[in-house]
Amino acid sequence: MTVTDACLGKTYEVIKVNGETVIMRRLLDMGFTPKTKITVGVKAPYGGGVSVRLRGYEVALHTEVAGLIEVAEL
Amino acid sequence: MKELSVALVGNPNVGKTSLFNRLTRSFDHVGNYPGVTVTEKSKTVSYKSRAIKITDLPGLYSLTALSPDEETARDCVLNAKSDLVLGICDSKCPARSLYLMLQLIEAGKRVAIVFNMADELKLIGKRIDTKKISSALGLPVAVVSAKTKAGIDEIRQLLSDFTSKNSVNAYLPYMEKLQIKKVCKIVGGRAEKAGLNPEYAAIKLLENDADVIEKLSLSNGELSEIRAFGVGVAEVAAARYEYIDELLCGAFVSVKKNPRTLSAKIDKVVLNKYLALPIFLMLVSGAFFITFGLLGHRLAEAVAEWVTLFNEGVLMPLLNKTQLPSWCVMLICDGIVGGAGSILAFLPEIVLLFFFLSLLEDSGYISRVAFATDGFFRKIGLTGRAAFTLIMGFGCSATAVLTARGIDDERVRKKTAMLTPYMSCSAKLPVYSMICSVLFPRAKALVILLLYLLGVVVAIAIAAFTEKRIKRLSGVKSKLIIELPPYRAPSLERVIQLLLHHTKNFIVKIGSIVLALSVSVWILSNFSLVDGFGAAADKSIMATLGGILAPVFSPLGFGNWKAVSALLSGIAAKEAVVATLNALGGVLAVFSGKYAIASGAAFLTFTLLYIPCVATVAVLLKETGGRFTAIVMTVQLAVAYLVSLFVRLVVIAFCVATPLAVCVTVAVAALCASALAIKAVLTKNVCCGGECAFCSKKCKQNANKNERIVK
């Protein structure tokens, strides 16, 4: 499953990041590496994305970006 | 001792500029969102008789750059001959910050690590063991708080004691695991020739960094040999983070149980589907009514009174006693004090506007606005990141256009830069304030709010139009990845600094460019080519010049030379419009006749939308190129003319017909238009058809229906 299928407020573990190199690179740089624990926060009020908490900070991801991150339930 | 050059490097929004300001005692623009700093800035200070040149750089996540401002920062870091890199880390998320530090160490830089925002570390109940990190990496490590000044002196001490000898090259254990040595064997010699650290070149090659591949000019055979090791971007990143996690395991420890969830709670309300828009509108209009209605207006009146009192009570009698010629006395009293001085009255309103703007920036709310609006912006060919630039446009268009650099997609960047001047900048505020006080005394704040809204609406309309008819950007490659910083209350110290800073800037601007303009306007409008000083104003040089262009503006209701001269002087600086109008006899002398209100409204609209000041044009030229800037200017003029004409007609209709009938028509028209717009925007909604957190219930029902139809 990917972050787009995730439930709001739950914590998951990253398996890997798929996708285009540029965005994949940015996600890896920001710490979306395997086994990282991430918590899905809130959804953008008018669609378009979701916020995710990891490694002590929070980041807003566009839906398509969220779809690149494969996660597993803990 | 030789001058020491130090570069501040770190992730976006970790407080590099705040620290720079502390270390150099300056006041550069900071904000609680990523990407405020877009160009490098240096300042030399001396500490304990040692000259230290400190350079502040834009933020970076990695040494592989993805946007122009990141490229600038990366090139500065890699090419600069800085003796020492101060690696600024966010104490709250040390892992992500250290990731960049490891890359700096790989690149062979001398690094000292500084954990900033130590004050917030306490709030989340954590502690950083600097000794452990320092001994593991073999680097100096310090903890500071730029906000409370704690630890700043230690940094100064560290800098003044620094010599290139007392730093050792750090040992990075993961380099072995990544088989760096094997890669080095292949490319080592060539990397040294290209002036790169072999190990750095090797790891960048594994990461497939285009910049390094180009520098080393590798053959395809060599590249595939390197790829055969089976180590790529993902593996390198994972190895770095694994090492960081190990490092932090004993060094980043909880002191008490995580108590802070305030940001998350606020987000739940602020980003709620039904509350988000009302909250945003309430905050913005609240700020407006305080700035223009309640507080600002009274303060402005008080200052205006002082200026008049000073002018008539002190200055005039004093000058009359001297033997100066009468035109000279008039020049000082009318031209200088009456022109430039009259703008001083708007100082309170401008300072208040910047105060609210900085609240928006410092609190962290602006990032949520970008996040919430991304979906909408995407439909008109922009991204949520544009919200930063556009909101900054309410302060100063010129600096706002610069911040567009942080947008990674070039077309979106240009489009954002193009729309920024439509956001009504603070310099236009005195114009609104002055004209509205005279023509709409009872509805001043409301009219000004409408003007700001009009600017936003026009910008959105232009964005939507270009997206639909000219260039579709919907396939924009840049996907939103924005940090959401925690909410923060601004400190009193910062608020005071900010008020002083903007007061100073405003007074300097009035004292220089506006003063020069108002003096020349005064001279041009009081001297005639034929009669010299004292000629009737209608025969002055200004009247002759303005008269040529005046007929063009007749349809807009202000086809007189005074209004035209005011607009012309506004191209140099918008505040000059006020100075010019004052010098030419005030608002009522310019807008007269039966429909003075309509002409005034059209003039205000034109001021809002026409060509921005020269400073903004210069920045646009530099950032987007000559051809694009020319197109932008032409479009602005055309739009300004058409919209002003429309506004004038509406106001005239309002005066002629019974107000109620017009109100109803306008309201119905506006409702229809917005309903159509919303419908157009919503119908583009894409649905995944599955069970996901993003699709609404309605969307799922539609998907089910479609399935049934297919069956």
Side-chain angles (χ1 to χ4, degrees), chain A residues 1-12 14-71, chain B residues 61-62 64 66 90 92-96 99-100 124 126 207-208 233-234 236-238 240-242 244-245 252 263-264 267-268 270-277 367-368 370-378 383-384 408 477 479-486 685 688 690-694 696:
Chain A
M1 74 192 270
T2 66
V3 173
T4 25
D5 313 313
C7 290
L8 301 181
K10 255 182 136 181
T11 303
Y12 297 85
V14 177
I15 296 174
K16 67 172 201 165
V17 179
N18 298 315
E20 282 179 68
T21 37
V22 174
I23 291 167
M24 178 181 88
R25 228 167 245 238
R26 173 50 38 91
L27 289 173
L28 289 170
D29 289 342
M30 295 188 90
F32 286 88
T33 51
K35 289 184 198 158
T36 308
K37 288 189 181 57
I38 63 171
T39 308
V40 182
V42 287
K43 212 166 72 165
Y46 309 108
V50 68
S51 80
V52 171
R53 240 194 123 65
L54 77 154
R55 295 183 183 278
Y57 73 99
E58 197 170 10
V59 63
L61 302 175
H62 184 244
T63 316
E64 282 174 45
V65 180
L68 298 175
I69 305 169
E70 272 187 44
V71 290
Chain B
Y61 285 113
S62 152
T64 305
L66 303 179
D90 185 342
K92 297 186 303 311
C93 50
R96 200 196 61 207
Y99 182 82
L100 179 65
I124 60 164
K126 301 259 188 184
E207 283 188 293
N208 212 1
V233 194
V236 174
R240 284 191 193 123
Y241 269 111
E242 256 169 46
I244 292 169
D245 287 339
F252 186 58
S263 275
D267 272 347
K268 268 199 181 145
V270 163
L271 293 174
N272 179 289
K273 202 172 178 180
Y274 303 101
L275 293 176
L277 192 63
S367 293
R368 272 75 184 181
F371 175 43
T373 50
D374 184 61
F376 170 75
F377 273 132
R378 214 158 271 276
T383 66
D408 47 2
K477 281 204 182 130
K479 305 275 168 19
L480 184 83
I481 306 178
I482 302 183
E483 246 191 279
L484 298 174
N685 215 348
C688 73
E691 291 276 322
C692 75
F694 297 89
S696 59

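Computed from a predicted model, the values in this text were never measured in an experiment. All chains are named by letter (A, B, ...) in the order of the sequence lines, taking the proteins before the strands, and each is independently numbered beginning at 1. No hydrogens, no waters, no symmetry mates; every other heavy atom, side chains included, goes into these values.
- Contacts between B:D245 and chain A at a heavy-atom distance below 4.5 Å involve the side chain alone, from C-beta outward.
- When heavy atoms are compared at a cutoff of 4.5 Å, B:L100 does not approach chain A at all.
- The side-chain heavy atoms of A:H62 and B:T383, taken from C-beta on, include no pair separated by under 4.5 Å.
- By number of non-hydrogen pairs under 4.5 angstrom with chain A, the leading residue of B:D90, B:V233, B:T373, B:D267 is B:V233.
- When each of A:V59, A:D29, A:V17 is scored by its heavy-atom pairs under 4.5 Å with chain B, the top score falls to A:D29.
- Residue with the most contacts toward chain B among A:V52, A:L54, A:L28: A:L28 (heavy-atom pairs, distance under 4.5 Å).
- Among the candidates B:A370, B:A95, B:C93, B:G375, the residue making the largest number of heavy-atom pairs closer than 4.5 Å to chain A is B:C93.
- Side chains of B:S263 and B:R368: a donor-acceptor N/O pair is absent below 3.5 angstrom, by distance only.
- For the pair A:R26 (side chain) and B:Y61 (backbone), a donor-acceptor distance under 3.5 Å is absent.
- With a 4.5 Å cut-off on non-hydrogen atoms, B:A234 touches chain A through its backbone and its side chain both.
- In this structure, the portion of B:N272 lying under 4.5 Å from any heavy atom of chain A is its backbone and not its side chain.
- Contact annotation: the side chain of A:V42 never approaches that of A:L8 to less than 4.5 Å [non-hydrogen atoms, C-beta and beyond].
- Between A:T2 and A:I69, every side-chain heavy-atom pair lies at or beyond the 4.5 Å cut-off.
- The closest donor-acceptor contact from the side chain of A:T36 to the backbone of A:G31 lies under 3.5 Å.
- When side chains are defined from C-beta on, A:T63 does not count as touching A:V50, because their heavy atoms never get closer than 4.5 Å.
- Among B:F252, B:Y274, B:Y99, B:Y241, the residue with the largest count of heavy-atom pairs under 4.5 Å with chain A is B:Y241.
- Looking at A:M1, neither its backbone nor its side chain comes within 4.5 Å of chain B, counting heavy atoms on both sides.
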